[in-house]
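This report concerns only the one structure given below.
Please read all numbers here as calculations on a predicted model, not as lab measurements. Each ligand, and each atom within it, is numbered from 1 in the order the structure gives.
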Amino acid sequence: MKQHYVLLHILFFLFCSALHAEKPRLRVAVVGGGMAGVAAAHYIQASDPGAQISLFEKEAQLGGNARTVLVNNRKGQAVAVDAGPQYFTEGPWDEYIRFLKAYNFYNTDEISEFKGSISIQSQGSLRPRLITPLYGSFRGENLGKLLWFKKFFSMAYKVYREPGDAYAKNIGDWVHSLLLPPHFKEEVIIPFLAASLGTTTDDIRKTSTVEIVKLFAFRRPSMRSTFKVLHRGMGSALEHAGAELRKKGVRICTSSPVQSVFLRGGNYIVRYENGRGEQEEAFDFVVLAVHAYQAARILQEDVASAELNTVLKGFEYFRARIVLHSDSSFVNTRHPAFLNVFTTADNRMRSNTMNLGMIDERYEGIYKSWLSEELCTQVKDRGRFLHETVFSHPLITPAFSENLKRMEQLLEPRKDLCIGGGWTQGLETQETALISGRKAMEKYIRFKAEES
Ligand SMILES: Cc1cc2nc3c(=O)[nH]c(=O)nc-3n(C[C@H](O)[C@H](O)[C@H](O)COP(=O)(O)OP(=O)(O)OC[C@H]3O[C@@H](n4cnc5c(N)ncnc54)[C@H](O)[C@@H]3O)c2cc1C
């Protein structure tokens with residue numbers, strides 16, 4: 001009997017030591033299932049397979065801005081088209097390419113490559129004002145304007161490499177200061193820049209010079225820029241990554257909008273909704289992979305975040321309406337281009353249209369346009385409408401960059417809270433969304449080291 005008693009004591013002692021030896025598994029909440037949220041879950045899971053990760057997405061599917069939709073081409077075949085981000089390129093998007101490879105989604109048979117080409121035309125004339133060369137060919141278009149455009153690219157590239165005081169300048173003032181003919185700046189450069197971001201010519205003048213040139217001047221001025229498109233779509237790649245993460249134990253909660261995140265008793269409480277009503281769960285580390293205005297709403301109940309909240313509310317956004325349609329009247333079919341910018345008589349951008357058939361023949365007869373509500377109604381009336389998505393897009397002004405710095409200062413002492421999203425890296429792309437996911441992982445690792 002005594003022997004049994006001693007044995008039991010030893011077993012109990014061993015059990016308790018084993019319990020203490022095992023480090024507690026940290027509970028991580030990722031809010032937002034766009035590229036940034038999926039990337040945060042991806043990197044944190046890889047760095048600490050023991051972490052208990054829950055990803056909350058308000059919509060039924062992962063993807064966020066990167067959503068892939070099915071529409072019919074001219075032949076009546078359903079093809080996958082990205083409503084938001086469409087293309088990427090090697091060099092500036094290398095981290096994105098590595099992510100696709102990690103999920104076996106970078107299959108060269110399923111990627112189309114195309115050369116960039118832009119034309120700008122005005123309401124009064126069907127003849128384009130400028131066409132960048134398609135496949136390196138000048139096609140007999142206005143060589144003088146083309147050379148001015150090349151000169152503009154060289155100046156933009158210089159700002160990109162050596163920003164100097166351009167950080168504090170808006171792009172309207174910078175373009176104004178360039179030694180180029182005034183009408184060329186108004187009729188070509190400003191509409192081109194507005195088209196790059198999908199916003200109005202008025203809005204684009206307010207944006208930060210450095211952030212906007214990043215969008216197109218990431219390489220030496222070249223007559224040939226090659227872009228890549230995923231046949232199955234960027235949104236499909238994210239859904240695929242989500243399914244793979246689920247197999248690795250990440251809890252993916254779709255249709256679960258997070259109402260609030262706040263500190264209680266040393267834990268973060270995440271309050272969210274799902275089909276079964278309102279739920280509350282405690283977490284050790286939280287990543288908010290959402291836009292600034294969404295993060296402000298989520299943090300509003302947290303007393304510790306009052307100043308952070310004010311900063312988050314200060315970021316400026318604009319709405320971009322992207323319409324997939326089959327209406328070729330927005331495109332000059334005699335001088336086709338990948339991106340066709342159409343301006344009004346006073347050089348305001350009326351629409352910009354991507355001729356998707358030039359990217360890949362499967363997209364034959366499908367156009368993707370930035371359109372106002374009025375133009376969208378016209379497309380619907382003509383029976384040419386396929387799909388519409390309205391995005392909230394950050395307008396990266398010099399004040400935006402200042403706000404970002406302040407936000408980072410306020411987050412510095414908050415070791416267990418991270419605010420991510422493509423927008424936190426300046427200009428938004430799939431690449432910057434991924435980088436923000438990696439930075440969330442780096443913060444998590446520092447937090448974990450301090451905890452143990
Ligand atoms: C029209 C357009 C074209 C673009 N083209 C390109 C391109 O060609 N190439 C490129 O690389 N990039 C492009 N981009 C940029 C790219 O789409 C973004 O940088 C990227 O998708 C941003 O990802 P994100 O995860 O930061 O944000 P989002 O994709 O916006 O993700 C945020 C997620 O959070 C979710 N969410 C919000 N609030 C809550 C809540 N309360 N609870 C739970 N979930 C919540 C949202 O539903 C969403 O899924 C484009 C963007 C737009 C709008």
### Task
Return yes or no for this condition: an N or O of His393 is under 3.5 Å from an N or O of ligand 1.
no
### Query
Under a heavy-atom criterion of less than 4.0 Å, does Phe56 contact ligand 1?
yes
### Message
With a heavy-atom distance limit of 4.0 Å, tell me whether Ile298 approaches ligand 1 through its side chain, its backbone, both, or neither.
### Response
side chain
### Message
Looking at Arg232 and Glu239, is any side-chain nitrogen of the basic one under 4.0 Å from a carboxylate oxygen of the acidic one?
### Response
no
### Query
If we only count N/O pairs under 3.5 Å, is Asn65 in contact with ligand 1?
yes
### Val290 N/O to ligand 1 N/O under 3.5 Å
no
### Task
Give the numbers and elements of all ligand 1 atoms closer than 4.0 Å to a heavy atom of Gln430.
10 (C), 11 (O), 12 (N), 16 (C), 17 (O), 18 (C), 19 (O), 20 (C), 21 (O)
### Query
Looking only at protein heavy atoms, which one is nearest to atom 47 (O) of ligand 1, and how far off is it?
Glu57 OE2, 2.7 Å
### Close aromatic pair by centroid cut-off 6.0 Å: Tyr317 and Tyr293
yes
### Task
May I ask you to check whether Pro257 has an N/O atom sitting below 3.5 Å from an N/O atom of ligand 1?
no
### Task
For Gly422, counting its heavy atoms only, list the atoms of ligand 1 lying under 4.0 Å from any of them.
26 (O)
### Query
Is the shortest side-chain N to carboxylate O distance from Glu281 to Arg271 below 4.0 Å?
no
### Task
Number the atoms of ligand 1 from 1 as they appear, then name those within less than 4.0 Å of a heavy atom of Gly34, with their elements.
25 (O), 29 (O), 31 (O), 33 (C), 49 (O)
### Task
Give a yes or no answer on whether the side chain of Ser54 reaches the backbone of Ala29 with a donor-acceptor pair at less than 3.5 Å.
no
### Task
Consider every N or O of Trp93 and every N or O of ligand 1, then say whether any pair is closer than 3.5 Å.
yes
### Nearest-neighbour protein heavy atom for atom 34 (O) of ligand 1, which is reported as residue plus atom name and distance
Gly32 CA, 3.3 Å
### Task
Please report which non-hydrogen protein atom sits nearest to atom 9 (N) of ligand 1, along with the residue it belongs to and the distance in Å to one decimal place.
Tyr87 O, 2.9 Å
### Task
Using atom types as modelled and distance alone, determine if a side-chain donor or acceptor of Lys248 lies under 3.5 Å from a backbone N or O of Pro49.
no
### Query
Is the shortest heavy-atom distance from the side chain of Lys448 to the side chain of Leu26 under 4.5 Å?
yes
## Note on the structure
Tightest non-hydrogen contact, residues Glu186 and Asn347, listed as O-CB, 3.8 Å
### Query
Do His325 and Ser369 have a side chain donor and acceptor closer than 3.5 Å?
yes
### Query
Considering only heavy atoms of Gly421, which atoms of ligand 1 have at least one such atom less than 4.0 Å away?
26 (O)
### Task
Using a strict 4.0 Å cut-off to heavy atoms of Phe391, name the atoms of ligand 1 that fall inside it.
1 (C), 53 (C)
### Query
Is the closest heavy-atom distance from Ala320 to ligand 1 below 4.0 Å?
no
#### Entry: Nearest-contact summary for atom 42 (N) of ligand 1 - protein heavy atom, Å
Val258 N, 2.9 Å
### Message
Measuring from non-hydrogen atoms of Gly198 to any atom of ligand 1, is the shortest distance under 4.0 Å?
### Response
no
### Message
Students should be able to answer this: which protein heavy-atom is nearest to atom 23 (O) of ligand 1, and at what distance?
### Response
Ala433 CB, 3.8 Å
### Message
Counting non-hydrogen protein atoms only, what is the nearest one to atom 25 (O) of ligand 1? Give residue, atom name and distance.
### Response
Ala36 N, 2.9 Å
### Task
Using the ring of Phe447 (Phe, Tyr or Trp, six-membered ring only), decide whether Lys415 places NZ or CZ under 6.0 Å from its centre and within 45 degrees of its axis.
no
### Query
Any nitrogen or oxygen of Gln86, main chain or side chain, under 3.5 Å from a nitrogen or oxygen of ligand 1?
yes
### Query
With no hydrogens and no angle check, do the side chains of Arg297 and Gln300 hold a donor and an acceptor under 3.5 Å apart?
no
## Note on the structure
Any heavy atom of Ser436 under 4.0 Å from ligand 1? The part involved is neither
### Message
Just so I know, are the side chains of Met349 and Thr200 near enough to count as touching, which here means a heavy-atom distance under 4.5 Å?
### Response
no
#### Entry: Identity and separation of the nearest protein heavy atom to atom 45 (C) of ligand 1
Lys58 CG, 3.8 Å
### Task
With sequence neighbours left out, write down each residue that passes side chain to side chain contact (heavy atoms under 4.5 Å, CB included) with Ile445, or none if nothing qualifies.
Ser47, Met441
### Task
Output the list of atoms in ligand 1 that are nearer than 4.0 Å to some heavy atom of Ala289, sorted by atom number.
32 (C), 34 (O)
### Task
Examine Met35 against ligand 1 and note whether any of their N/O atoms are separated by less than 3.5 Å.
yes
### Query
How far is atom 27 (O) of ligand 1 from its nearest protein heavy atom, and which residue and atom name does that atom have?
His291 NE2, 3.6 Å
### Query
Does Phe285 have its ring centroid less than 6.0 Å away from the ring centroid of Tyr268?
no
### Task
Check whether any side-chain heavy atom of Val229 lies under 4.5 Å from a side-chain heavy atom of Asp360, and answer yes or no.
no
### Partners meeting side chain to side chain contact (heavy atoms under 4.5 Å, CB included) with Ile435 (sequence neighbours left out)
Glu95, Gln425, Glu431, Arg438, Lys439
### Query
Which ligand 1 atoms, with their elements, are less than 4.0 angstrom from a heavy-atom of Ile322?
1 (C)
### Query
What do we get for Thr429 next to ligand 1 when only non-hydrogen atoms under 4.0 Å count, side chain, backbone, both or neither?
both
### Query
Any salt bridge between Asp302 and Arg414, counting N to O under 4.0 Å?
yes
### Message
So Asp48 and Val28, do their side chains get closer than 4.5 Å, heavy atoms only?
### Response
no
### Query
Which atoms from ligand 1 have a heavy atom of Gly64 less than 4.0 Å away?
29 (O), 48 (C), 49 (O)
